[in-house]
Amino acid sequence: MSTDDKNRAVAAAILPLVGGAGNITSVAHCMTRLRLGLRDRSLVRDEELKALPAVMGVVEDDTYQIVLGPGTVARVTSEFEALVAEAPAAPAATPSADDLAAQGAAIRAARKARNQTPFKLFLRRIANVFVPLIPALIGCGIIAGLNGLLINLGWLPAVTPALAAIASGFMALIAVFVGFNTAKEFGGTPILGGAVAAIVVFPGVAKVDAFGQTLSPGQGGVLGALGAAVLAVYVEKWCRRWVPESLDVLVTPTLTVLVSGLVTIFGLMFVAGEVSNAIGEFADWLLVHAGAGAGFVLGGLFLPLVMLGLHQALIPIHTTLIEQQGHTVLLPVLAMAGAGQVGAAMAVYLRLPRNGSIRRTIKSALPAGFLGVGEPLIYGVSLPLGRPFVTACVGGAFGGGFVGLFSMLGTKVGSTAIGPSGWALFPLLDGDKGLGRTIAVYAGGLLTGYLAGFVATYFWGFGARLLEEFDVDTDTGPETVVAASAGTTPPPGPAPEPGPEPKPAKL
């Protein structure tokens with residue numbers, strides 16, 4: 001079976017299990033998850049969906065999220081969208097289509113009201129602006145790292161200027177893409193958001209004085225572009241309400257760009273520039289003066305942020321640091337959370353030698369875990385078990401503390417792009433003490449996270465009751481863990497062979 005056929009088969013297997021094409025209101029994806037808007041959540045067959053070999057787990061949030069892993073998710077999403085588009089339209093029925101749409105909207109609104117706070121929703125919207133930019137950030141970051149290596153080695157001097165242009169072109173205009181996505185996310189016309197955000201990077205702003213100083217192209221960066229595009233959306237919506245329809249095509253875009261542009265030049269660029277500078281200075285100060293402690297806290301808290309989906313709200317901060325310094329010093333610290341998760345999973349594997357289903361889940365999810373994709377281990381192993389999730393956070397804390405300690409000692413470790421972590425972050429590493437030392441510190445942090453997560457989980461991750469419940473022979477699937485943690489009875493499997501009674505844990 002070809003790769004395209006395999007991806008289409010995965011999409012075809014998922015579609016009926018989420019209620020069919022008629023139950024889909026939106027389709028999107030991030031780095032690892034297929035995100036679906038659903039009309040009726042009750043039509044989803046969760047257990048059958050989790051049992052699909054390609055599905056690493058599911059996450060229920062403002063959208064229904066199916067974890068497929070990096071690379072795979074983009075290909076499956078395109079096939080899934082094609083299948084939804086190809087599905088025949090549902091025949092008219094009673095109640096009417098309008099009634100069903102209103103019912104679906106009410107259900108979605110009720111779910112969001114129960115599960116979301118205004119602050120979390122705002123953070124998600126901001127994250128949605130930046131998530132589509134991650135592939136370009138990764139590609140350009142790797143090219144920038146390769147170019148730097150070639151320059152240091154003195155190789156291919158005729159090629160390095162071209163590579164520098166390729167790597168830097170996107171970052172030079174990232175404000176335009178941020179403005180475009182912001183207007184789209186907040187309900188405006190995307191091209192108007194991009195037009196206003198383009199002012200931030202236009203060289204001609206160097207001739208403008210604001211707040212007693214001359215502006216510089218790029219001042220305010222992505223934060224200025226974000227604010228400019230949000231303002232443009234509100235100006236545009238105001239114009240749509242008050243401008244006569246006959247004049248709308250001329251007046252609305254003109255006023256939107258003019259008003260938002262003037263406010264951007266004579267206010268937002270200066271303010272956003274000060275905020276951006278403060279972010280960079282604070283990140284540097286934090287790791288230089290409180291590196292070990294700050295790394296310990298950040299590495300320990302990052303897994304809960306991933307679990308809640310709030311980790312993407314950090315993307316604007318990472319992007320700002322990359323714009324200013326060429327790399328983000330926070331990402332390598334936060335990446336240690338994944339190392340703690342991997343170490344914890346290894347300990348669970350050894351502590352539950354008789355539970356075949358959990359051990360199979362760990363074996364299949366560990367390769368993704370080493371590459372920084374933590375959702376399969378989080379939702380398939382540590383979080384359902386409870387205490388191993390906490391000990392995984394402990395591993396991340398020690399790994400983050402290790403990297404932070406070396407920042408205090410003068411060796412900063414940064415990443416030229418955002419998105420990957422784990423071993424996948426090695427090609428993107430950058431620092432102030434040479435590539436060799438940078439790689440060594442990051443690798444040391446990973447090893448510390450693996451070891452601390454393993455030790456904490458092996459010795460303190462299980463009580464006698466947890467061992468008695470889970471260290472039993474089983475031939476069911478990975479869903480056993482989830483079912484048991486939820487207090488439900490897992491599907492029956494073959495009777496276990498007679499064996500010794502499990503011994504209480506010696507903790």
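No hydrogens, no waters, no symmetry mates; every other heavy atom, side chains included, goes into these values.
The aromatic ring centres of Tyr458 and Tyr349 sit 6.0 Å or more apart. A ring-centre distance under 6.0 Å is found for Phe170 and Phe177.
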Trace of the salt bridge (charged side-chain N to carboxylate O under 4.0 Å, His left out) decision for Asp430 with Lys412: CA-CA 8 Å; Asp430 189 20; Lys412 293 182 181 179; over 6 Å; no
Arg41 and Asp46: CA distance, side-chain angles, deciding distance, salt bridge (charged side-chain N to carboxylate O under 4.0 Å, His left out) verdict: CA-CA 10 Å; Arg41 171 64 179 82; Asp46 297 278; 2.8 Å; yes
Stepwise side chain to side chain contact (heavy atoms under 4.5 Å, CB included) check, Thr182 with Val233: CA-CA 9 Å; Thr182 300; Val233 169; 5.7 Å; no
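Relative ring orientation between Phe296 and Phe398 is described as perpendicular, the plane-to-plane angle rising above 60° on a 0-90° scale split at 30° and 60°. The aromatic rings of Phe406 and Phe402 lie tilted to each other, with the angle between the two planes from 30° to 60°.
Side chain of Asn181 to backbone of Val129: a donor-acceptor contact under 3.5 angstrom is found. Asn277 places a side-chain N or O within donor-acceptor distance of the main-chain N or O of Gly273, the cut-off being under 3.5 Å. A donor-acceptor pair is defined here as one N or O able to donate and one able to accept, closer than 3.5 Å; no such pair exists between the side chain of Thr457 and the backbone of Phe454. Under a 3.5 Å cut-off, the side chain of Gln324 and the backbone N or O of Leu321 do not form any donor-acceptor pair. Of the possible donor and acceptor atoms, one in the side chain of Thr25 sits under 3.5 Å from a partner among the backbone N and O of Gly37. Panel note: side chain Glu323, backbone Val222; a donor-acceptor pair is recorded below 3.5 Å. With Arg387 contributing its side chain and Trp460 its backbone, the two residues share a donor-acceptor pair below 3.5 Å. The backbone N or O of Gly141 sits less than 3.5 Å from a side-chain atom of Thr416, completing a donor-acceptor pair.
Here the closest heavy-atom approach between residue Ile322 and residue Ala417 is recorded as CD1-CA, 3.7 Å.
Between Arg465 and Glu468 there is no salt bridge, since no side-chain N of the basic residue sits under 4.0 Å from a carboxylate O of the acidic one.
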